Amino acid sequence: MLLQRSWTVTSLIRNPEQSDAILNLGKSKPGELNVLVRSLEEVKSDEDAKSVLEEVKPDWVIWSAGAGGKGGASRTFAIDCDAARHFISSSLSIPSIKKFMMISYLGSRRNKPSWWSDAEWSASQQTNQGGLKNYFEAKVDADEYLAAMAHKREQSGDKTFQAICLRPGGLTDEPAGKVQLGKTVGGGKVSRASVAEVAAALTERDDTRGWYDLLDGDEDVATAVERVAEERVDCIEGEDLDAIYNRAT
């Protein structure tokens, strides 16, 4: 759908054997699709990330990479946290990059949001401190770091940069449909196709910033995106913003 908007998209992948299949997705589309083969596990510094960005020269960065639970804790932290932070730092150091979207997950937060029930928060905490503990720690670190670095750039005088954190619930392979977006309930599912539609719709606007939770729901994507933009919804509400922003000092 990014290509249908006539965007130029560069997909960063690790396995070169996937190149042809990905490039085939771009055939007969108005946009341009490129593939760059790199291993995010080899991104050990801001300079490593910057070399990739300088090769691609993007206006926007959408980060949906992750270890996917493969390779244990060390790989999870190497990709979901460390590499993500290097790309965040490098993206915010390049004036021509105006947007950074992080695809995170619904439970990536440290404090109970006021719009969640006690039961929803308890269930999220059990998951985050149980089987997803390493994933939670890696993702919440990266989410907070993006918020901190974007705030620092804003404080320096750049009011145009957009740091967007899209936080879906459990992912399904169902077709795209209607959604809950913004301050959703504290648990549920959403289709990958809907995540892609919402990500594109949020990114193409110039008035979207902050954290947006996402689940299947009863609102059209366009209507939902328009609403959260107009209402300036930001689901970072309730987090310790002073502690988060101090991470960029």
Side-chain angles (χ1 to χ4, degrees), residues 1-9 29-31 58-64 88 91-92 96-109 111 113-117 120 124 139 142-144 146-151 153-154 158-239 241 244:
M1 72 185 58
L2 304 182
L3 297 174
Q4 293 289 4
R5 288 169 162 81
S6 298
W7 295 356
T8 297
V9 177
K29 302 292 194 308
D59 299 312
W60 308 341
V61 175
I62 300 177
W63 181 274
S64 61
I88 290 167
S91 295
L92 276 114
S96 61
I97 296 179
K98 299 299 185 182
K99 306 183 186 189
F100 192 109
M101 170 174 279
M102 171 71 72
I103 307 296
S104 184
Y105 79 107
L106 185 66
S108 177
R109 59 186 310 127
N111 296 335
S114 61
W115 56 93
W116 284 18
S117 69
E120 289 168 343
S124 178
K139 291 301 290 184
D143 293 351
E144 291 178 348
L146 175 59
M149 295 299 290
H151 179 73
R153 182 153 158 174
E154 181 181 12
D158 183 353
K159 307 295 186 183
T160 63
F161 185 82
Q162 293 172 251
I164 304 168
C165 185
L166 183 59
R167 308 152 60 77
L171 299 174
T172 73
D173 292 322
E174 296 299 314
K178 294 186 177 182
V179 298
Q180 295 182 55
L181 181 64
K183 295 179 178 180
T184 70
V185 298
K189 304 288 187 180
V190 63
S191 74
R192 289 177 172 85
S194 290
V195 174
E197 284 198 2
V198 172
L202 287 171
T203 305
E204 70 181 349
R205 297 178 66 105
D206 61 7
D207 57 354
T208 46
R209 293 171 179 82
W211 291 10
Y212 300 101
D213 295 348
L214 175 63
L215 296 170
D216 287 332
D218 56 9
E219 196 170 20
D220 291 333
V221 168
T223 303
V225 170
E226 181 71 26
R227 174 181 54 79
V228 297
E230 287 188 355
E231 296 176 2
R232 298 185 178 180
V233 172
D234 190 348
C235 295
I236 202 172
E237 180 183 323
E239 298 298 283
L241 296 183
I244 290 173

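Bear in mind the structure is a predicted one, so any value in this text is a computation, not a measurement.
- Taking the side chain as every heavy atom from C-beta outward, Trp63 and Ser91 never approach each other to under 4.5 Å.
- Here the closest heavy-atom approach between residue Ala224 and residue Val179 is recorded as CB-CG2, 3.9 Å.
- A donor-acceptor pair is defined here as one N or O able to donate and one able to accept, closer than 3.5 Å; such a pair exists between the side chain of Glu120 and the backbone of Ser117.
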Please list every donor-acceptor pair under 3.5 Å in which a side-chain atom of residues 186-194 meets a protein atom from a residue at least two apart or in another chain.
unit_1, atom_1, unit_2, atom_2, d
Ser191, OG, Pro175, O, 3.3
Ser191, OG, Ser194, N, 3.0
Ser191, OG, Ser194, OG, 2.9
Arg192, NH1, Asp173, OD1, 2.8
Ser194, OG, Gly177, N, 2.9

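- In plain terms, the two heavy atoms of Gly107 and Ser124 that are nearest each other are CA-OG, 3.8 Å.
- Using modelled atom types, no side-chain atom of Arg153 and backbone atom of Thr160 make a donor-acceptor pair closer than 3.5 Å.
- Once rounded to the nearest 0.5 Å, the distance linking CG of Asp207 with CZ of Arg209 reads 7.5 Å.
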(request) Run the numbers on Met101 and Gln162 for side chain to side chain contact (heavy atoms under 4.5 Å, CB included), then give the verdict. (result) CA-CA 8 Å; Met101 170 174 279; Gln162 293 172 251; over 6 Å; no
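- Note that CG of Leu241 and CD of Glu144 are 10.0 Å apart. Values are rounded to the nearest 0.5 Å.
- The CG atom of Leu2 sits 7.0 Å away from atom CZ of Arg5, with the distance rounded to the nearest 0.5 Å.
- A salt bridge links Arg167 to Asp213: at least one charged side-chain nitrogen sits closer than 4.0 Å to a carboxylate oxygen.
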(request) Could you please spell out the steps behind the side chain to side chain contact (heavy atoms under 4.5 Å, CB included) verdict for Leu202 and Val228? (result) CA-CA 10 Å; Leu202 287 171; Val228 297; 4.3 Å; yes
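- Counting all heavy atoms, side chain and backbone alike, Lys178 lies closest to Asp220 at CE-OD1, 3.1 Å.
- In this structure a side-chain-to-backbone donor-acceptor pair under 3.5 Å is missing from Arg227 to Val233.
- One distance of note links CE of Met149 with CD1 of Ile88; it measures 8.5 Å at 0.5 Å rounding.
- When all heavy atoms of Ile244 and Ala147 are compared, the closest pair comes out as CG2-CB, 4.1 Å.
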(request) Could you walk me through whether Leu106 and Val185 pass side chain to side chain contact (heavy atoms under 4.5 Å, CB included), step by step? (result) CA-CA 10 Å; Leu106 185 66; Val185 298; over 6 Å; no
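- Nearest heavy-atom pair, Tyr105 versus Lys139, reported as atom, atom and distance to 0.1 Å: CE2-CB, 4.0 Å.
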(request) For Lys29 and Gln4, run side chain to side chain contact (heavy atoms under 4.5 Å, CB included): C-alpha distance rounded to whole Å, both residues' side-chain angles, the deciding distance at 0.1 Å, then the answer. (result) CA-CA 6 Å; Lys29 302 292 194 308; Gln4 293 289 4; 3.4 Å; yes
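- Taken from CG in Asp143 to CD1 in Ile103, the straight-line distance is 10.5 Å, to the nearest 0.5 Å.
- Taking the six-membered ring for Trp and thresholds of 30 and 60 degrees, Trp60 and Trp7 have ring planes more than 60 degrees apart, a perpendicular arrangement.
- Pro58 approaches Ile97 most closely through the heavy-atom pair O-CG1, 3.4 Å.
- Considering CD of Glu237 and CH2 of Trp211, their distance stands at 12.0 Å, rounded to 0.5 Å.
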